Every structure is written in C-alpha cells, then in structure tokens.
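Data first, discussion second: the structure below is written as structure tokens.
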There are 2 protein chains.
Amino acid sequence: MRLASRKDGRDGRLMLVCRDLSRWAPAQAAPTLQRALDEWERLSPLLREEADALEDGRVAGEPFDEAACASPLPRAYQWADGSAYVNHVELVRKARGAELPPSFWTDPLMYQGGSDRFLGPHDPIPLADESWGCDFEAEVCVIVGDVPRGATADQCAAAIRLVMLTNDVSLRNLIPAELAKGFGFVQSKPASAFSPLAVTPDSLGAAWDGRKLHGPLLCTLNGELFGRADAGVDMTFDFPTLIAHLAKTRDIGAGSIIGGGTVSNKQGSLYGSSVRNGGAGYSCIAEIRMYEQIEGGAPVTPFLRWGDRIRIEMKDAEGRSIFGAIDQQVVKG
Amino acid sequence: MRLASRKDGRDGRLMLVCRDLSRWAPAQAAPTLQRALDEWERLSPLLREEADALEDGRVAGEPFDEAACASPLPRAYQWADGSAYVNHVELVRKARGAELPPSFWTDPLMYQGGSDRFLGPHDPIPLADESWGCDFEAEVCVIVGDVPRGATADQCAAAIRLVMLTNDVSLRNLIPAELAKGFGFVQSKPASAFSPLAVTPDSLGAAWDGRKLHGPLLCTLNGELFGRADAGVDMTFDFPTLIAHLAKTRDIGAGSIIGGGTVSNKQGSLYGSSVRNGGAGYSCIAEIRMYEQIEGGAPVTPFLRWGDRIRIEMKDAEGRSIFGAIDQQVVKG
C-alpha cells in the first residue's frame, strides 16, 4: 500500500497511490494519514481494499501529481532521528581530529527533532542566510504505531507501519555552537521534507527485510548524481533497535517518525568514494567535505546556495521510483 | 478564558472551565484544543461566548473534575523547553566545578522535547528503575499560534495563546551519559505532564505582564512545601525571547508548547534557600542537591522513589488555584 497526502489545510488529504505511481485517489476510510495511524488495526484493511480497487481500475482515480503532495504527515507528533550509519559519525569526528567513542558502535545516537511543520517533498527550502551552511541529508525513516515503553526490538519491528525517505535539512555552520551548549539541535535543524509516498513494508518486496531498507539512495545535486549509498549497508543500528532505544523510558505514540540518519557507506578515500570513480558518493555535502578535510586539509565543496536543487529518491529493480522524489530548490527567504 | 481537556481518546475533549474552577462544560465551537488553536482567530471569540455563558450560569455545566483531565494538549506537534532561569544552569555548573559560559546569559539554552504522548496532570509517573534518578521540574510554559520564521520578540508575544504549568519529568542519572553523546535528551526525558488548565493571558490579570508570569510556583513533595520560587523573578529570557529563539530558522506551527525551564530564584545558601528558613525553595530536587554538593561536598536529598508524590500549582492573590494542580505519584512501571 502506497499512501500520500495531497496538500490540503494543515494535515493534507490522505490519498492512495497505485503501484506504478500513475494514478491516485482520495482515501475514503480516513481523511488524513494521522487518523489512519490512530486506528490502523481497523482502518488499514479498508485502505487496502481501496488500494486494490485503484490498482485494478475499479476506481479510476486521477493522474498522480508529486508536486501536489505534502509530506505524508504534514506535521507529526514526533520526529526522532537516529544516526545509525556510524561511518558518517566516525568521519565527522575524524575530520576534526577526534576519536569516536567506542560506545557509539553499541549505543545509538539519536536526536529529538521539530515536527510541527514539515516541508512538502517539492517545496522550496527557505534559507535566510547562505552563511548558515545549508546541507541536505538523505535518509530512510519509518512511521510507527503505538509502542509501549520498554518494548523489545521485535515488538518495535511489528509496530513499523510505513517507510519513507526524508531530507533532514541541516544548517551546518550553526551546529558547532549549538551542540556546544549541550542540549542538541534547535536552530540548526530547520523543517525537514519527506518523500511523496509512505509505503507499507509488505509493498517493498525484497528491499525491506523487516529491519532495514536495502538499495541505493539516489541523491542528485543540480542535475548531477552525487550519491548512491546503499541504505542497507553499514547501517549499524536497524530500525527496531532505534525504536527500542527511543522507547526505553517512554511510550511512543502512533504516527511517530523515526529516522535512520544520513545514509553512509564505508569508503576508503575521496577519490574512490566519488560516484564518478565508481564510489557510492555521499548522502549529504558534509560527508564529501570531511573527506576533503581529512585528505586535503580543508573542505572544498560548498554547502547549498540559493538556487541549488537537491533530488532524493530510490528505485526498484525495474527502475521505478519507490517513494516518489524529494525535489527541492533552496531559495532566499 | 480557562480551557481544559477531559480525557477522551487521543486528543481529549475540549472543555471550558469557570473562573472559580467549580464547573466545566464541553466546548461547542471546537472538539479539541488543537482544533481551536488551528483556527484561533475564528473560534476563540465563540469559545469566549461559551465561557461567558458558563460563568453567568446560562450554561449549567458539571462539577469540575481535575482528575478527569488530560493535559490540555494530550499530544502536541511541538514541545521545546528553554532554560530561562540561568541561575539554575549556573548552579548545575557550579556543583560540578565548571564555569558558566558568559554567552549563557545572552543566548537561550533550549531543547526539543518529545510531545507525542503527555501524561495527564493527575496521572502516575511510571518509573521502571529507581536508579535512573527520577526528578520533577516545575515550569511555566505557553502555547502559541503560528509564528513565522525570523519573527521578532514582539511578534512572538502576540502569538502567545495560552499559559500553563508543566512537570518536565527528568531522569537525572541518565542525563550525563546522554548529553555527553552531544545530541541532547532522548531517554532522559520521559513524558511530561501539564496543568489541568491552560489560561488565556487576559484572564491572568496582573500575574501576566505580556512576557512573563509572576507569582510563587508552589511545589509540594509528599505533602510538604518544597518550593515557592517566583516565576517572574530571575527569568533571564522572557517567553517572547524564547519563542523568537526557536523561530530563528523555521516557522512554528500553531499548538507548539514553549517552556521556560525549571523556575529558579537566586539564593545565597543551602540554609537560606530552604522554605523552612524563609527561602524560595526549589522547583526540582536537583537544585537542593546542587546546594548540598557545593556546601557539603555531596548531595543528600534523594531523587523521587516509588510512592513519592509531587504537587505543582500556582495561586492568585485570593488563594485560588490558577491552573489547577499537577499532582502525580511515582509508581513502579
């Protein structure tokens, strides 16, 4: 089942999208995705029937329009983002000459993000000041149902309702001062955007193994392929582990979004990591800058500037987009 | 206008409460507080008419029942908590022999909290492990309407819709390791609870000066007064300043809750700060422990244990409860 939210008020209008992403139709069983998640046991079978009817043509629907999409949850009650690709974190440390604490391989790093207003997948990224160092971060994330505190990883796996992609926009040059204060990100993480589609695990086929999503996450910067890191490779903490980490001391409410952090594959060198040289590339600009810092003593690739465009998507074995594309231009504002 | 949410499903049922907190009635203009906040311009005049009708007896209502209340927003799209009482932060540092960075007096400290499931004001605080060091934190907070990014403090002041109290529960012994990881609080901040009532600024009289709430915040631990710090004293950053801090790089959505942090008045010594000796006392256990550490070399007062009860409220000049009471018992669970 492929769900999307057409832009409509604060919470959008829940839509079903057919398998080849050609058509969509408004869901009858629930007006919004949050409502569907609030009563998933009762409503998801009804939504599945509607999805089947759209698929086999009993419901005609309309041509699917990615640009009319809000994020599947235009606002959410929780957005907690893990850093599951520890290679990325290790590079960050290495670039500033610091050691990675060994516990980072066993204890997930996670931050609580703002979730009151997400950008739509094709919405511009407003940036008031280029010197803030705007970066994209391409990630995979999941939406869960209710999870009781203290839940095991297996219980958490069973609570995964939907999978989607996100662009977790970061203001890199605001991060050091903010993190130095000790309380995490506030100003340095403006609104994120999510992929047009949120997809149920059973519709992902072999790409979803119950705990991780597999396949290259394509990041295209100003029309040029910049990254194709495999989301299933070097993910130290899988989604059930991340969810269980969040649920250790508190209940998690339905509709919470849990992210896996910037996808990052372990690669040897700046030369070898570039997609031009057959490497996996990068799911954010900071990562190539870290290679540049480590090997050349200084970063070279600039962060996003007004007018830059970032496109994030993932394709199946047949080359079809799985989640639709996040496609955003940075604008002054 | 005094609003509350009677426990009912995930979002509660919006209720109007009369001035002396004797009666309440279901709101007709909006079923939930979030809905009212989403369309405040249109709906708040209707709610005011209903509040007047309840006040003058045209609507009879029912006896107000604090224990039947959920938090005014049982779940919210945002909970961002500032540390506006820098005295508290300075004591934390002093207790561990560290200097307070001078920027802490000019740049607000704030963290993004979880908001997917709040406790009700009379709900027990479930605690799986006493060794986690459970503490209450008594705070004042506001609920805002939409705030555009880059808003001035004056614009932010105009966006304040409601004022309430919170118990920002903290697991003190989980904090050091979590903050050392650099990404802020996740496991060390379980669900918070808010006061039964959220009150419009115009109904607070002289206690609200447009930027701060004034008056002693009463904290009663196991039936004994533990704190009565004045919320209007030593608040280095007022609410408009805190909101503007959060809005620097992103729009804030209606229904976001912004907290002022643990209320703390500057006091000289352990002896003098105690309410028994005429002091203002403490709005959390950590604060008396810091005095004990600084003066005696080690903390003495234990954190909350199973069975302990914490009550937080504020009274007006006539001794009437303004927000109703947060009254919670710590339970094993």
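The figures that follow rest on heavy atoms only: side chains count, while hydrogens, waters and symmetry mates do not. Computed from a predicted model, the values in this text were never measured in an experiment.
For a residue to count as touching a neighbouring chain, one of its non-hydrogen atoms must lie under 4.5 Å from one of that chain's; by this rule B:Pro108 touches chain A with the backbone only. Contact of A:Ile252 with chain B is made through backbone and side chain together, with heavy-atom distances under 4.5 Å. Neither the backbone nor the side chain of A:Glu39 comes within contact range of chain B; no heavy atom of the residue lies under 4.5 Å from a heavy atom of that chain. Contacts between A:Ser103 and chain B at a heavy-atom distance below 4.5 Å are absent for every atom of the residue. Contact annotation for A:Pro74: neither backbone nor side-chain heavy atoms come within less than 4.5 Å of a heavy atom of chain B. For chain B, the nearby part of A:Trp132 is the side chain; its heavy atoms alone come within less than 4.5 Å. Neither the backbone nor the side chain of A:Asp81 comes within contact range of chain B; no heavy atoms are under 4.5 Å apart. Heavy-atom distances place both the backbone and the side chain of A:Ala254 under 4.5 Å from chain B. Contacts of A:Ala76 with chain B are made by backbone atoms alone, with heavy-atom separations under 4.5 Å and no side-chain atom involved.
Ring geometry for B:Phe185 against A:Phe183 counts as perpendicular: the plane angle is over 60°, on a 0 to 90° scale with 30° as the lower cut.
The two atoms that bring B:Thr249 and A:Gln187 nearest to each other are OG1-O, 2.7 Å, heavy atoms only. For the residue pair A:Gly114 and B:Arg250, the shortest heavy atom distance occurs at CA-NH2, 3.9 Å. Closest approach of A:Lys181 to B:Asp107, counting heavy atoms only: NZ-OD2, 2.8 Å. Annotation for A:Arg149 and B:Pro126: closest pair NH2-CB, 3.1 Å, computed over non-hydrogen atoms.
Counting heavy atoms of neighbouring residues, nucleotides and ligands inside a 6.0 Å radius, atom CZ of A:Arg93 exceeds 12 of them. Counting non-hydrogen atoms of other residues, nucleotides and ligands closer than 6.0 Å to NZ of B:Lys94 gives a total of 12 or fewer. Crowding of B:Arg13 atom CZ: a count of heavy atoms from other residues, nucleotides or ligands under 6.0 Å exceeding 12. Residue-environment remark: CZ (A:Arg35) stays at or below the threshold of 12 foreign heavy atoms within 6.0 Å.
B:Lys248 has no carboxylate O lying under 4.0 Å from a charged side-chain N of A:Asp129, or vice versa, which leaves the two without a salt bridge.
B:Arg75 contributes no side-chain N or O that, together with a main-chain N or O of A:Tyr77, makes up a donor-acceptor pair within less than 3.5 Å.
The candidate from B:Ala191, B:Ser115, B:Ser188, B:Gly9 with the greatest count of non-hydrogen atom pairs under 4.5 Å with chain A is B:Ser115. With chain A as the partner, the residue from B:Gln78, B:Met110, B:Arg117, B:Glu178 showing the most heavy-atom pairs under 4.5 Å is B:Arg117.
Interatomic distance, A:Asp38 CG to B:Asp11 CG, rounded to the nearest 0.5 Å: 7.0 Å. With rounding to the nearest 0.5 Å, the separation of CD1 in A:Ile257 from CG in B:Asp116 is 11.0 Å.
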